[in-house]
Amino acid sequence: MTEMFCFQCEQTAKGTGCTIGGVCGKKPEVAGKHDELTAALIGLARAAEGKNHNKSTDELVMQGLFTTVTNVNFDPSRVDELKKRAESVKIKFGDAKDFDPATLFHGNQDVVSLRSTLLFGLRGMAAYAWHAHVLGKDNPEVTEGLYKGLRAVGQDHSVEEWLSLIMELGQMNLKCMALLDEANTSTYGHPVPTKVSMKVEKGPFIVITGHDLLDLKELLEQTKGKGINIYTHGEMLPAHGYPELKKYPQLKGNYGTAWQNQQKEFNDLPAPIFYTTNCLMPPKSTYSDNIFTTSVVGYPGLKHISEKDGEKDFSAIIKKAIELGGWKEDKQFTGINGGTEMTTGFARNTVMGVADTVISAVKSGAIKHFFLVGGCDGAKPGRNYYTDFVKKTPADTVILTLACGKYRFNDLNIGEIGGIPRLLDMGQCNDAYSAIQVAIALAGAFNCNVNELPLTLVLSWYEQKAVIILLTLLSLGIKNIYLGPTLPAFISPNVLKVLVDKFNIKPISTPEADLKTILG
Ligand code: SF4
């Protein structure tokens, strides 16, 4: 296979679509397998309609969708295996029409746009549902929403029906994110403000990245007393705020920055790197032997740790850490602005805990505006907008942040207002629910709706988990969102017009101009 079509992420080729190879490194063969897997899942969902589906089928649907998210799985044999399982389960359910993968991204431009928006949103929601599921939390309504959404992707609809399905999915994802929030906080406690060091101590260590807190917890258990330190990378940084994770003394700090810097930051690293979810970049040969993947993550030739009898054995990673030995001396690293420390753990419980102080500060005029500057980081130029934006925000404003876009500014010390830090890291993209709850609580305190708050969302997107969060925000009626660094290629001009007319969604311009428009 030499041709492909994929336009699901922000870095898509020429801003229109990857056709001869993915900018992410996805080869045409894998892109084709992703489409076939998606079609097989649509067939399965059709066959399962009105019938009971068991845990194993639900897991297949979640994993199958999650597998097709950007930078998750580049291994054609693993994707093919999931497709075959989906086809075989479909047959067991009985007769249902197959879906032709060739039709996924073909046809009327607006229909392709709407179908893609629904599909990419589903992929994002499946990732969040999976994280909750591994912690033993499922919401049948959310699981059923995945099946329903897959069937809808495979059907014809009017534009109004597509839009309604997309908003319904956004609403469903709010339930999914609430489920994940409950799963995380009931398992690991509510995050608390925590300073995270960027120093790597001498001796053996392991770097863990991705979003899966259960994998981190297991790794911490299995490295207990072994003289191996653990450092988070990328999206795993917010793990430091959870009481049940931070209690492990070997969880020392954070190494590196966001996912797109992997090839530079992992080159020559004397430690294994453990990928629990996206974003996996094609590894260089200089460090590929040190990588371990798990769960839905895959790349040909990398060592993969599967679950056996409900357990994962990380002894191979531990052995590799001892073999590589780490650095001989402590090494102090910095963030992209030169800072040596970051603070995380300002999730909803902590922020609501100081709600009275925040509300008084707003009433007294000490806090004039809130910005939620959050979302994914990425490799394309233009993302320094977010660093500059935060640097230029006035001293009487507060910045809430989440997801790995924060690495653009989370080592900056931008001060406090009445004891409240001006920069509050609420967690991973997985913790968007926290930010939504804080916004709703503030609106309640000021007796207004979220759109009337002195709050502006300035979002950066990259992949499909950001897509579903955006759909959730829109489904909540949140308007005037600034989105960048570029608008999604899969949004057609007509669909964009609907979003602009209905939600006043705007592309970012320059920090100066946007701040002027927002603050007047
Ligand atoms: Fe291109 Fe993004 Fe698709 Fe990769 S995931 S092939 S970069 S559009």
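Remember, it's 1-based here, ligands and their atoms both numbered in the order they're listed.
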Contact flag Cys18/atom 1 (Fe) of ligand 1, N/O/S atoms, threshold under 2.8 Å: yes
Reported [atom1]-to-[atom2] distance for the pair [X] and [Y], which is rounded to 0.5 angstrom:
X	Y	atom1	atom2	answer
Leu457	Leu483	CG	CG	10.5 Å
Lys33	Lys26	NZ	NZ	13.5 Å
Leu474	Ile469	CG	CD1	12.0 Å

Nearest neighbour in protein (non-hydrogen) for [atom]:
atom	value
atom 6 (S) of ligand 1	Gly22 CA, 3.4 Å
atom 3 (Fe) of ligand 1	Cys6 SG, 2.3 Å
atom 4 (Fe) of ligand 1	Cys24 SG, 2.3 Å
atom 5 (S) of ligand 1	Thr70 OG1, 3.2 Å
atom 2 (Fe) of ligand 1	Cys9 SG, 2.3 Å

Side chain, backbone, both or neither: Met4 near ligand 1, heavy atoms under 4.0 Å: side chain
Ionic contact status for Lys55 with Asp138, cut-off 4.0 Å: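 No salt bridge links Asp138 with Lys55.
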Per-atom contacts of ligand 1 with [X], taking only distances under 4.0 Å to non-hydrogen atoms:
X	value
Thr12	8 (S)
Phe7	8 (S)
Gln8	5 (S), 8 (S)
Gln11	7 (S)

Flag for Asp75-Ser77: side-chain donor and acceptor within less than 3.5 Å: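 Asp75 and Ser77 do have a side-chain donor-acceptor pair below 3.5 Å.
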Residue pair Thr38 / Arg123, side-chain donor-acceptor N/O under 3.5 Å: yes
Cation-pi, Phe292 ring and Lys303 (6.0 angstrom, 45 degrees): yes
Ser295 and Lys312, any side-chain heavy atoms less than 4.5 Å apart: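 Lys312 reaches Ser295 side chain to side chain.
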